[in-house]
Number of protein chains: 2
Amino acid sequence: MVEATRREPSRRERLRAEATEQIMEIALRQMAVDGPGALSLRGIAREMGMTPRAIYSYFPTRDDLVTELIRTFGHGLADALERARDEAPASDPERRLLAWGEALRAWALAHPQGFQLVYGDPLPGYQPPPGEGPVDEAALRICGGLNRLVAACASRPAPTEPDDDWSDFPPAYRARVRAEAPDLTPAVAARALRIWARLHGLVTLEIHGHLRPVYDDPAALYRAEMLDLVRDLGRAAPDA
Amino acid sequence: MVEATRREPSRRERLRAEATEQIMEIALRQMAVDGPGALSLRGIAREMGMTPRAIYSYFPTRDDLVTELIRTFGHGLADALERARDEAPASDPERRLLAWGEALRAWALAHPQGFQLVYGDPLPGYQPPPGEGPVDEAALRICGGLNRLVAACASRPAPTEPDDDWSDFPPAYRARVRAEAPDLTPAVAARALRIWARLHGLVTLEIHGHLRPVYDDPAALYRAEMLDLVRDLGRAAPDA
DNA sequence: TACAGAAGTATACGGCGTGTCATTTTTCTT
DNA sequence: AAGAAAAATGACACGCCGTATACTTCTGTA
């Protein structure tokens with residue numbers, strides 16, 4: 001009976017899956033309401049009408065729940081970005097990049113707790129599991145996707161690029177990038193990182209409420225930044 | 001005896017000031033070691049060899065301590081930025097801007113907990129005091145300083161700027177800016193915000209450990225970004 | 001030197017959290 | 001219909017937190 005014959009999900013399994021999902025949902029809401037540090041198994045159990053102890057059959061420890069949340073959110077973001085990108089035609093890389101950027105901000109605003117979990121300060125007391133961290137896989141998907149977008153748009157080199165060989169990239173990342181986009185130049189990879197940071201900066205400032213007190217229309221600011229950015233990447237005429 | 005005659009600080013007052021400072025120092029170390037969420041009056045008292053209750057003569061409540069920490073850090077950052085800026089000659093605004101940016105990153109790396117406190121997620125359970133938040137004053141100092149720097153460097157308008165009037169700036173901020181730099185244009189103010197975000201993005205990514213896995217030399221990346229940024233601001237030749 | 005007030009101590013309360021027992025209830029399989 | 005496996009239970013141990021009251025010790029001053 002140990003053999004894993006593929007079979008219909010039994011009722012028990014279905015219930016288990018549903019409960020697991022519900023736990024995560026409630027966890028998110030708790031984080032959203034009382035801050036990310038407020039996440040607690042007991043609180044979730046309370047809200048589910050379960051005994052605290054029962055949660056432990058789903059997630060053996062609090063950190064396991066957190067790890068799972070981070071992983072889920074990371075891939076959720078990566079999915080959203082890829083989806084947005086693919087909605088624009090491949091023949092128009094600039095529009096794809098704009099869509100990607102717009103999706104980044106939209107996702108962050110829609111899931112501030114998730115964004116915080118993935119990119120923000122770690123939860124107090126949280127110890128990521130040894131080996132590959134929970135974000136790593138998703139982070140590579142995201143960086144990889146942006147790399148290809150930037151490569152497609154970059155017809156003009158950046159005025160200043162720190163280096164033009166792979167020596168400044170960690171071996172693991174380098175290997176990964178070369179595997180999935182063999183003709184990517186290191187200059188483009190570095191540039192993609194800088195572009196990522198530009199968008200990331202505006203998004204985090206907005207999410208943490210540092211933009212609103214000084215500017216009423218963060219969306220416009222973000223859009224302007226993206227347009228400049230695409231413009232700088234080349235294709236369009238450099239000077240108006 | 002109620003009148004506040006200015007007199008030598010008595011021994012008691014000196015001791016009190018020292019203790020207050022020590023409390024804040026220990027608070028910082030605790031945050032640095034075990035994460036910002038680990039800050040606790042009891043923990044501080046333990047490390048000081050005091051009774052938990054004793055802390056209350058210095059800070060009536062935990063949130064008061066946090067508020068004070070945030071305020072201190074905010075002004076510490078603002079001080080560091082102004083100092084760095086003033087070390088370069090006023091005749092060379094580009095160098096001043098570069099120094100400002102470099103100081104931002106340096107300060108953040110030197111005080112990651114502080115950076116988190118000022119710009120990151122709020123501490124779980126922390127309720128800022130009503131009225132003006134603890135960061136607000138420092139934030140205005142910082143934005144104001146950057147505004148002036150950008151104005152000094154910007155000889156060329158940004159290719160894309162959302163608007164060119166003050167309608168998108170909140171009245172409070174607008175008033176403040178106009179008061180201390182009457183000839184600042186709204187386009188420059190918006191641009192300063194975007195520049196701030198560019199630097200902020202790289203810094204936060206680095207601090208939270210999202211840059212290292214994909215790039216070995218964050219300093220070089222940061223420098224390249226700053227150079228591009230100054231270049232875009234004009235003065236230097238636009239192309240090549 | 002005597003005394004007021006500040007600073008510190010001891011102790012306690014109520015609440016929260018994670019995680020572990022032995023046990024009972026429910027569900028699936030045979 | 002019966003027994004094995006899984007899930008949920010209640011009680012509990014332990015530690016942390018912030019905060020309050022009542023008492024003691026110290027310190028500056030008159």
Side-chain angles (χ1 to χ4, degrees), chain A residues 1-5 7-23 26-27 30-31 33-69 123-129, chain B residues 1-5 7-23 26-27 30-31 33-69 122-127 129:
Chain A
M1 309 302 172
V2 197
E3 71 211 40
T5 56
R7 64 195 188 293
E8 289 293 295
S10 75
R11 171 152 181 274
R12 248 223 285 261
E13 287 169 325
R14 214 193 54 228
L15 284 179
R16 185 179 181 83
E18 281 176 12
T20 307
E21 200 170 332
Q22 196 192 352
I23 290 176
I26 294 185
Q30 283 202 349
M31 289 178 42
V33 172
D34 299 321
L39 186 149
S40 85
L41 294 183
R42 289 187 108 83
I44 294 170
R46 227 175 347 231
E47 194 163 332
M48 289 183 69
M50 280 169 58
T51 299
R53 181 63 185 79
I55 305 282
Y56 285 76
S57 20
Y58 294 94
F59 296 95
T61 189
R62 190 195 79 130
D63 281 10
D64 289 300
L65 170 58
V66 174
T67 298
E68 205 48 40
L69 284 174
L123 261 59
Y126 171 66
Q127 209 71 13
Chain B
M1 309 296 174
V2 196
E3 69 211 41
T5 57
R7 65 195 186 292
E8 290 291 296
S10 76
R11 186 177 120 89
R12 243 218 292 254
E13 288 170 326
R14 215 193 54 229
L15 285 178
R16 186 181 179 81
E18 283 176 11
T20 307
E21 200 170 334
Q22 195 192 354
I23 289 176
I26 295 186
Q30 283 201 352
M31 288 178 41
V33 171
D34 298 322
L39 185 148
S40 84
L41 295 184
R42 290 187 105 90
I44 295 170
R46 219 174 309 140
E47 195 163 332
M48 288 183 70
M50 279 171 55
T51 299
R53 180 62 183 81
I55 305 281
Y56 284 76
S57 359
Y58 297 95
F59 296 94
T61 186
R62 190 196 79 131
D63 281 9
D64 289 301
L65 170 58
V66 174
T67 298
E68 206 45 42
L69 284 173
L123 260 59
Y126 171 67
Q127 212 70 12

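Reminder, nothing fancy here: chain letters follow the sequence lines and each chain counts from 1.
- Not a single donor-acceptor contact under 3.5 angstrom links the side-chain atoms of B:R53 to the base of D:dT19.
- By the 4.5 Å heavy-atom criterion applied to side chains, A:E47 and A:I44 are not counted as neighbours.
- B:Q30 has its side chain within reach of B:I26: a pair of non-hydrogen atoms, C-beta onward, lies under 4.5 Å apart.
- Distances shorter than 4.0 Å separate some side-chain N or O of A:R46 from OP1 or OP2 on C:dG17.
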Candidate pair B:L41 and B:Y56, rule side chain to side chain contact (heavy atoms under 4.5 Å, CB included), full reasoning: CA-CA 9 Å; B:L41 295 184; B:Y56 284 76; 3.7 Å; yes

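- Atoms OG1 and CD, on A:T20 and A:E13 in that order, are 11.0 Å from each other to the nearest 0.5 Å.
- For B:Y56, no side-chain nitrogen or oxygen approaches OP1 or OP2 of D:dA20 to under 4.0 Å.
- Rounded to whole Å, the distance from CG on B:L15 to P on C:dG5 is 20 Å.
- To the nearest angstrom, C1' of C:dA6 lies 16 Å from CZ of B:R14.
- C:dG8 atom P lies 13 Å from atom CZ of B:F59, rounded to whole Å.
- Within the 4.5 Å cutoff, side-chain heavy atoms of B:L39 are placed close to those of B:L65.
- Residue A:Y58 places its side chain closer to D:dA8 than to any other of C:dG8, D:dA8, D:dG18.
- If you measure from atom CD of A:E18 to atom P of C:dT27, you get 14 Å, rounded to the nearest angstrom.
- Between A:S40 and the phosphate of C:dG17, there is a side-chain N or O to OP1/OP2 separation shorter than 4.0 Å.
- For the pair B:S57 and C:dA7, the criterion of a side-chain N or O lying under 4.0 Å from OP1 or OP2 is not met.
- The distance between atom CG of B:D63 and atom P of D:dC17, rounded to the nearest whole Å, is 15 Å.
- The nearest heavy atom of DNA chain C to B:R16 and to B:P52 marks one nucleotide each, and the one closer to the 5' end goes with B:R16.
- The nearest whole Å value for the distance from the CD1 atom in B:I44 to the P atom in D:dC17 is 10 Å.
- If you take CG of B:L65 and C1' of D:dC17, they are 14 Å apart, rounded to a whole angstrom.
- Residue B:R42 is in base contact, counting any heavy-atom pair closer than 4.0 Å across all strands shown.
- The nearest whole Å value for the distance from the CG atom in A:D34 to the P atom in C:dG15 is 18 Å.
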